[in-house]
**Q** 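Provided herewith is a single structure, encoded as structure tokens, for subsequent inquiry.
Residue numbers begin at 1 in each chain, while the letters A, B, ... track the order of the sequences.
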Amino acid sequence: MIRAVKGTRDILPPSSAVWNHVESVAREVFRAYNYDEIRTPVFEETQLFARGVGADTDIVTKEMYTFDDRGESLTLRPENTASVIRAYIEHRLDQLPGVCKLYYIGPMFRRERPQKGRYRQFSQIGAEAIGSDSPATDAEVIEMVTEILTRCGLSGFEIYVNSVGCPDCRPKFVEALKQRLVDVAPGLCADCQRRATANPLRVLDCKIPHDQPAIETLPSILDHLCPACSSHFEQVRMFLTDRAIPFQVKPRLVRGLDSYMRTTFEFAHGALGAQNSVLGGGRYDGLAEELGSKVHAPGIGFSIGEDRLVLSLEEAAPGAHRDPLQIYIAPMGGAALRHCAGLAHELRRAGVRVELGPSAKLKRNMETANKLGARYALLVGDNETGAGVYALKEMSSGEQRNLDRAQLLETFRSPSL
RNA sequence: GUGCCCAUAGCUCAGCUGGUAGAGCGCUGGAUUGUGGUUCCAGUGGCCGUGGGUUCAAAUCCCACUGGGCACCCCA
């Protein structure tokens with residue numbers, strides 16, 4: 001038997017309805033914040049990601065689906081920011097007035113070991129605001145993403161923000177951290193001892209309870225920000241407070257892409273287990289130049305893990321967003337079967353969700369109507385077609401009443417039915 | 001990529017220290033030829049994840065592989 005490949009999966013009903021819900025909510029919110037959609041290719045030149053994501057990140061060194069296309073190295077996109085910036089440069093979108101605000105929804109690919117909330121093909125809903133380095137933009141982006149999650153029906157998520165400094169101040173902090181770790185590291189877990197030299201920032205993200213007291217004593221990047229970064233972060237916090245966003249400053253938040261500078265943020269949800277990050281984002285003021293732009297194009301963006309968002313929503317409210325069948329038409333007899341085709345078409349044009357029984361056996365049709373969860377069954381036989389009335393039966397109560405065609409359409413014109 | 005756990009019918013699972021499989025739900029039909037749900041009866045269902053090994057005999061024990069879960073790593 002041929003099965004979906006490891007780390008990929010089929011989105012089946014009723015889950016697909018939740019996906020559609022999430023996507024339509026996101027599009028509404030993006031519209032309200034004046035974002036427009038961009039659709040970039042699913043694969044790009046490998047170099048784009050090597051430079052845009054960071055040549056020595058895990059994503060680039062071991063997680064990319066890279067293939068040779070007759071001498072050209074191509075890669076399935078592991079994330080979308082690099083592609084959006086590439087398109088921004090290629091099409092000179094910097095020439096457009098105002099901040100360039102773009103959103104995307106689509107699949108990304110990373111060859112990781114699959115587990116709950118982590119798949120090799122996964123979907124991200126993301127956005128980029130390019131052309132502004134204002135802290136007000138950061139705050140608006142964070143407000144917008146909060147709005148998306150809230151309007152999707154998610155609650156109980158935590159908002160973490162941090163500043164990781166700039167190419168000016170971050171290296172100095174890393175150096176200070178390294179020196180401090182020479183003394184502290186021997187008392188930490190084995191992983192942290194390894195990280196102390198390999199990737200000191202990761203020590204800050206350690207989750208081992210035993211290590212926490214020692215980690216608390218390590219220097220905070222927020223004390224090492226240069227004046228410009230410090231002021232920027234202060235304003236981000238101020239604007240977030242103005243907007244009543246319940247954020248927490250997490251100086252130990254060191255996740256994200258290599259190109260992140262200054263503001264970074266992450267939203268976490270408890271129902272997700274170890275992969276508890278439902279979205280991540282940050283500012284990348286040097287990325288466009290890194291990708292060859294002649295003009296300075298500071299930007300900030302985020303991406304929501306759509307799979308994880310759907311997972312959280314389904315855990316909180318199983319069975320939500322169903323769109324129940326409204327009418328099951330049960331024809332009785334060959335003449336009625338033919339008569340019902342036109343009737344069904346008319347109802348469907350009026351926006352009613354209709355299933356037309358494919359055969360003329362009443363009992364069988366009623367059974368099916370019940371199993372499909374139809375709100376109403378419409379019984380159509382010789383009595384009904386002759387008199388021009390139909391018997392509408394409410395399935396839950398068993399009540400039945402006779403309606404002519406006009407009354408029937410009028411009844412279902414109201415969207416609540 | 002590493003470690004631990006798991007894999008039996010469409011689904012949820014039982015199957016004792018080895019003797020070649022069961023339940024509930026579902027699905028199909030009937031009791032009920034113009035009325036579903038409840039009930040009753042019958043039927044449908046499985047290369048026991050795949051391949052190898054031990055054995056007279058393997059769903060059961062051993063190994064490998066594949067897939068899944070959790071943790072690490074990392075990230076969305």
**Q** Using the test ring pair (Phe, Tyr, Trp, His ring centres under 6.0 Å), find all partners of A:H232 that sit at least two apart in sequence or belong to another chain.
**A**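 Scan of A:H232 (ring pair (Phe, Tyr, Trp, His ring centres under 6.0 Å), adjacent residues dropped) gives none.
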**Q** Kindly check if the number of other-residue, nucleotide or ligand heavy atoms within 6.0 Å of CD (A:Q248) is above 12?
**A**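 Atom CD in A:Q248 is packed in, count exceeds 12.
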**Q** Expressed as a whole number of angstroms, how long is the span from A:D10:CG to B:G68:P?
**A**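 Atom CG in A:D10 sits about 12 Å away from atom P in B:G68.
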**Q** Report each atom pair, protein N/O against N/O of nucleotides 39-45 of chain B, whose distance is under 3.5 angstrom.
**A**
none

**Q** How does RNA chain B look in dot-bracket notation if pairs are Watson-Crick or G-U with both distances under 3.5 Å, crossing ones as [ ], other-strand ones as |?
**A** (((((((..((((.....[..)))).(((((.......))))).....(((((..]....))))))))))))....
**Q** How many Å lie between NZ on A:K6 and C1' on B:C65, as a whole number?
**A**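 Rounded to the whole Å, the gap is 11 Å.
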**Q** Taking RNA chain B as the partner, which of residues 297-317 of chain A come within under 4.0 angstrom of it by heavy atom?
**A**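 Residues of residues 297-317 of chain A under 4.0 Å from RNA chain B: A:S303, A:G305, A:R308.
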**Q** Send over the distance from A:F265 CZ to B:A76 C1', rounded to a whole Å.
**A**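 Going from CZ in A:F265 over to C1' in B:A76 covers 12 Å.
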**Q** Assess whether a salt bridge exists between A:E37 and A:R39, defined as any Lys/Arg side-chain N lying under 4.0 Å from an Asp/Glu carboxylate O.
**A** yes
**Q** Suppose we screen for ring pair (Phe, Tyr, Trp, His ring centres under 6.0 Å). Which residues come up paired with A:F157, at least two apart in sequence or across chains?
**A** A:F267
**Q** State which residues pass side-chain hydrogen bond (donor to acceptor under 3.5 Å, both in side chains) with A:R113; sequence neighbours excluded, sorted by chain then number.
**A** none
**Q** Could you list the protein-to-nucleotides 26-34 of chain B atom pairs, N/O on both sides, closer than 3.5 Å?
**A**
{"residue": "B:U28", "atom": "OP2", "partner": "A:K371", "partner atom": "NZ", "Å": "3.1"}
{"residue": "B:G29", "atom": "OP1", "partner": "A:R364", "partner atom": "NH1", "Å": "2.6"}
{"residue": "B:G29", "atom": "OP2", "partner": "A:R364", "partner atom": "NH1", "Å": "3.3"}
{"residue": "B:G34", "atom": "O6", "partner": "A:N383", "partner atom": "N", "Å": "3.0"}
{"residue": "B:G34", "atom": "O6", "partner": "A:N383", "partner atom": "OD1", "Å": "2.9"}
{"residue": "B:G34", "atom": "O6", "partner": "A:N383", "partner atom": "ND2", "Å": "2.8"}
{"residue": "B:G34", "atom": "N1", "partner": "A:N383", "partner atom": "ND2", "Å": "3.1"}
{"residue": "B:G34", "atom": "N1", "partner": "A:E384", "partner atom": "OE1", "Å": "3.1"}
{"residue": "B:G34", "atom": "N2", "partner": "A:E384", "partner atom": "OE2", "Å": "2.7"}

**Q** Under 3.5 Å, which protein N or O atoms sit close to an N or O of nucleotides 3-6 of chain B? Give each pair with its distance.
**A**
{"residue": "B:G3", "atom": "O6", "partner": "A:R113", "partner atom": "NH2", "Å": "3.3"}

**Q** Has the side chain of A:N370 got a donor or acceptor atom sitting under 3.5 Å from an opposite partner on the base of B:G37?
**A** no
**Q** If you take any heavy atom closer than 4.0 Å to RNA chain B, which residues from residues 117-129 of chain A end up in contact?
**A** A:G117, A:R118, A:Y119, A:F122, A:Q124
**Q** Excluding sequence neighbours, so at least two apart, what forms ring pair (Phe, Tyr, Trp, His ring centres under 6.0 Å) with A:Y160?
**A**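 Checked A:Y160 against ring pair (Phe, Tyr, Trp, His ring centres under 6.0 Å); zero matches.
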**Q** Could you pull out all residues at least two apart from A:E128 that satisfy side-chain hydrogen bond (donor to acceptor under 3.5 Å, both in side chains)?
**A**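 For A:E128, the residues satisfying side-chain hydrogen bond (donor to acceptor under 3.5 Å, both in side chains) (neighbours in sequence not counted) are A:T81, A:Y284.
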**Q** Rounded to the nearest angstrom, tell me the gap between atom CD in A:Q115 and atom C1' in B:C72.
**A**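 Value for this atom pair: 9 Å.
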**Q** Considering residues at least two apart in sequence or located in another chain, which fulfil the ring pair (Phe, Tyr, Trp, His ring centres under 6.0 Å) criterion with A:Y390?
**A** A:H339
